[in-house]
Amino acid sequence: MLDKKYNAEEKEQKWQEYWYDNDIYKFEPKENQKIYSIDTPPPTVNGKIHMGHLSSYMHIETIARHHRMKGEAVYFPFGFDDNGLPTERYVEKVIKKRAQELPRAKFIEICLDETKKLEEEFFALYKRAGFSCNLKTHYSSIAPRTQKISQKSFIDLYNKGLVYHAESPSLWCTECRTACAQSELESKDIESTFNYLKFYISGTDEYVTVATTRPEMLCGVCCVFVNPKDIKNIHLLTKKLVVPYFGYEVPVLADDLVDMEKGSGVVMCCTFGDTVDKEWQRKHKLPIKKCFTDDGRMTELAGEFAGMPILEGRQAIIAKLKENDFLIKQENIVHSVSTHERCGTPVEIAVKNQWFIDVLSHKDELYKAGLDLNWYPKSMRARYLNWVENLSWNWCISRQRYFGIPFPVWYCKNCGKPKLADESDLPVDPLKDSPKTPCECGCNEFAPETDVMDTWATSSLTPQISTDLYTNKGFDDTMVPMNLRPNAHDNIRVWDFYTITKSLYHFGKLPWKDLMISGYVTSPDGSKLAKSKGNGADSPQNIIKTYSADVTRYWANNLTLGKDTAFSLVEFDNGKKLVNKIWNASKFVMMFLENYEPKKVNLEVMDKWILARYNELVKKFIGYLDKYEIALAVNELEKFFWNFCDNYIEIVKRRLYNPDVYGEEKCNSAKYACFNVLLGMLKMFAPVLPHITEEIYMDYFAKFENAKSIHATQYLVLDEKFDDEIIANGDKLVELVSKVRQYKSENKASLKAEIEEVTITSNITDFFKQAEPDLVGVCSIRKMNYNDGEYSVELGKIVPPEADAQNQ
RNA sequence: GGGAGUUUAGCUCAGUUGGCUAGAGCAUCUGCCUUACAAGCAGGAGGUCAUAGGUUCGAGUCCUAUAACUCCCACCA
């Protein structure tokens, strides 16, 4: 027997323990069983999880559970992305020290400790949310087995000529003191000034105007460009210009990329002020002039300004330009600047020895991959394609940091050639290990590569890393393509793009078939949720405690796929109502099913109606979920469920209560329908509301199916077929019941008030006659009359309560 | 500047491939203690589906343009 009230907090935790202890979600594919595999997003271990993450995982959950209910073996692994810069920065904040201030080994040790603490918190939350991924074995992106896969990937790319080591311009963060990738950039609007400067033509007192937002880079000007089609400036090509204040001369060169309309049409080029400078440096073989140090200060090139931080240098130089009459005018502008997403610092371009994966020469294949993958929702494909089209940097994977996977590389001290580790020795740490064979040149002395790999160089291998937990095959593609990659839209250009790149490069195939892209949950005011805010009153832990995991899951699964939604607690009330209603309806129905024995019976028409409706629903429901339309699927189910409660149960209730009046057979018919429809609905609710459905199922239904959990069963598909008209006819009757209710309501009568007589004119008189006991019962009608003809209904007088009492 | 999304009831949103009087929840109003549920039930009111054109027998749904908001990318001269 079910309790009178459902205590969610207690029951949910009971079942979570039960599932965990009994391995309910264990991946054990039987022979010929279809496998559905999910490339679960490993949470980045760099702070507290917030409702946005949680809701995204709750979508994945529903899909995983859906496929289990379809009878597939669901491979739903779990892991953490716990290496790399995000984690380092988190740890730096916790210990209030910069990584450089500690010995490398000590810092790494602290990172491992701190991530472990956070991971335990994550685990507890995932368990409490009722997640059905494999919580017993998980991967970690810093673990040795992962390092092995990641290093092997590097070696494979090296052998294929797809990764190269070069001294070339790379994006540089002066705050994190490391190179970064294009995908780590974030545009930020920053107030600045546009400075119009006098560049004197050498040997004259004529000048041309050159505008710049970065006057501090005047110390590193290589040349000045004009457009070769620019008649008004073309005469400058034979001249030299004098850089204001710094006083040295630079040549004037021509290039098509110069926009004649912008500013004066004359532009200064430094190495490197922006992406175009990078292009020009390469194209025109310009000298490289380094204006900044790695930690963002002016170099000796800046003379008296050397040592100043960039911004300070800019102000100081502007002051000098003004003083010396080089500044024609200044405009205040707000322009968007590429900043490092981890720290918000404007990114510079620095020439460094870095490792790059070549993506620019494979744009076409990468673009095509986007076309070949199934994106849900479809519109997300455009974001991917847009990103690939706009790629302008090869993927820099080396980081001048500490807590990451080391490159399996040493450099020969004699010839400088990189020496790669032997695959059988992986994982290696070049700082601790040494190559086993000498260099080709015969030299046996090596310097270790001290850079570590970018975290995405590893997490782009999650199809390999996660399936390795099951196959133990390491760097391997037997379970690839996986069925699903789920993530939020911010990861399209990062995790998705990099995973696609690696999978194509290594195995020549797509990493998955489908991508399910969730939207963001924003604060009620529309601003981004941040991990730093995630621990307040609206923390996932608190929400689940207050509203239960099931209700939270219901909320998450009502969000439209791919769309950002402002977080609002109001939405949780629907879920609470639904859970409560499922409990009460089940309790009620099960009251009549105590000695129920499943067997075929002669069905009454309204019982056929609800079963036919159910059949229709199951098809629709599964169809929606197969297309990742979770909200629509749940919506359909809910509509059906409410119809079941408010109409069907009300209609058959009397038959269930009074077998002596209606006859045993009619009562059994209702029981049959109730049993199957309730069981069927519970199974459909199970992916979204795994706890309450489990409680009800295990209390009553489990014994009929000999199952140890509702989540170990499949959707209920009935083998009965029904006449096509039964649904329309049944709906007609429900409509009639509604009409009678309205009639009573308008007359302010109680719903149980009796009606003298009702006359139905229709061409389905047979149907109404068959349903008469139900109709008369639910509407309290004393006498029914039937006519054939065009549909109409005549309602007789409502019997006044007093008269009713007298008649009794 | 390029691309995507959104715009439907007072609020939050559903509305597959164009098809009968446009839906739900919340809020509001009116009734009802009806042998599961008052955290409930029944009923009502509330919308020229952003705007303007077009295609069609028929448009919230397709096409074109416009506006507002959001996001992604590019823009640092």
Side-chain angles (χ1 to χ4, degrees), chain A residues 2 4-5 182 185 187 190 192 194-197 209-214 217 224-226 257-270 273-277 333 335-338 346 377-387 389-392 489-490 492-493 519-520 522 526 558-560 562-566 568 570-571 573-592 620 623-624 627 629 631-632 635-636 638-639 642 645-646 649-650 653-654 657-658 737-753 778 780:
Chain A
L2 298 179
K4 184 152 172 49
K5 292 267 176 196
Q182 191 181 352
L185 302 183
S187 304
I190 289 182
S192 181
F194 211 18
N195 307 283
Y196 291 80
L197 305 176
T209 309
V210 176
T212 180
T213 54
R214 306 209 59 181
M217 296 197 81
V224 166
F225 280 108
V226 295
L257 282 179
V258 178
D259 185 341
M260 294 183 275
E261 307 304 316
K262 241 180 200 170
S264 58
V266 184
V267 53
M268 69 184 213
C269 171
C270 318
D274 62 29
T275 338
V276 189
D277 289 345
I333 55 160
H335 66 163
S336 95
V337 174
S338 291
K378 280 198 217 88
S379 58
M380 291 300 168
R381 171 180 282 131
R383 285 206 192 194
Y384 173 86
L385 298 179
N386 192 227
W387 172 252
E389 277 177 324
N390 285 308
L391 277 175
S392 54
H489 52 53
D490 58 335
I492 293 174
R493 64 174 186 161
Y520 265 178
T522 65
N558 261 300
L559 304 177
T560 306
K563 208 167 122 178
D564 293 353
T565 312
S568 155
V570 179
E571 311 296 326
D573 293 335
N574 286 345
K576 243 164 77 179
K577 261 177 63 176
L578 175 66
V579 166
N580 189 46
K581 189 80 177 176
I582 291 175
W583 186 254
N584 286 320
S586 302
K587 211 167 59 183
F588 180 69
V589 166
M590 281 153 61
M591 206 164 79
F592 300 103
K620 221 169 171 177
Y624 275 139
K627 289 188 289 178
E629 291 282 8
L632 293 183
N635 204 337
E636 283 297 325
E638 244 183 298
K639 261 188 343 210
W642 240 271
C645 292
D646 297 341
I649 291 186
E650 286 303 321
K653 189 157 148 175
R654 281 150 206 86
Y657 270 118
N658 310 302
V737 170
S738 188
K739 199 165 191 165
V740 172
R741 284 168 171 169
Q742 186 183 352
Y743 178 66
K744 288 180 182 173
S745 187
E746 277 166 1
N747 288 287
K748 309 208 167 185
S750 155
L751 281 179
K752 66 175 180 185
V778 71
S780 308

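In the text below, chain A, chain B and the rest are named by the order of the sequence lines, each starting its count at 1.
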Which parts of nucleotides 37-46 of chain B does protein reach within less than 4.0 Å, heavy atoms only, written one letter per nucleotide 5' to 3' as B for base, S for sugar-phosphate only and - for none? B-SSSBSS--

Intra- and inter-strand pairs of RNA chain B in dot-bracket (Watson-Crick or G-U wobble, both distances under 3.5 Å; | for another strand): (((((((..((((.....[...)))).(((((.......))))).....(((((..]....))))))))))))....

In B/S/- notation, 5' to 3', how is nucleotides 9-23 of chain B contacted by protein heavy atoms closer than 4.0 Å? ---SSSSB-------

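- For Asp490(A), the side chain to side chain donor-acceptor pair (under 3.5 Å) criterion is met by Tyr520(A), not counting sequence neighbours.
- For Arg741(A), the side chain to side chain donor-acceptor pair (under 3.5 Å) partners two or more places apart in sequence, or in a different chain, are Asn647(A).
- For Val267(A), the side chain to side chain contact (heavy atoms under 4.5 Å, CB included) partners two or more places apart in sequence, or in a different chain, are Phe225(A), Val258(A), Trp280(A).
- Remark: Glu629(A) pairs with no residue by the side chain to side chain donor-acceptor pair (under 3.5 Å) rule, at least two apart or across chains.
- Considering only residues two or more places apart in sequence or on other chains, Tyr743(A) meets the ring-ring contact (aromatic ring centres under 6.0 Å, His included) condition with none of them.
- When the side chain to side chain donor-acceptor pair (under 3.5 Å) test is applied to Glu389(A), no partner is found at least two apart in sequence or on another chain.
- Shown here are the salt bridge (charged side-chain N to carboxylate O under 4.0 Å, His left out) partners of Asp646(A), two or more places apart in sequence or in another chain: Lys581(A).
- Applying the ring-ring contact (aromatic ring centres under 6.0 Å, His included) rule to Tyr624(A) yields no partners; only residues at least two apart in sequence or on another chain are considered.
- Residues that satisfy the side chain to side chain contact (heavy atoms under 4.5 Å, CB included) test with Asn584(A), not counting sequence neighbours, are Asn580(A), Lys587(A).
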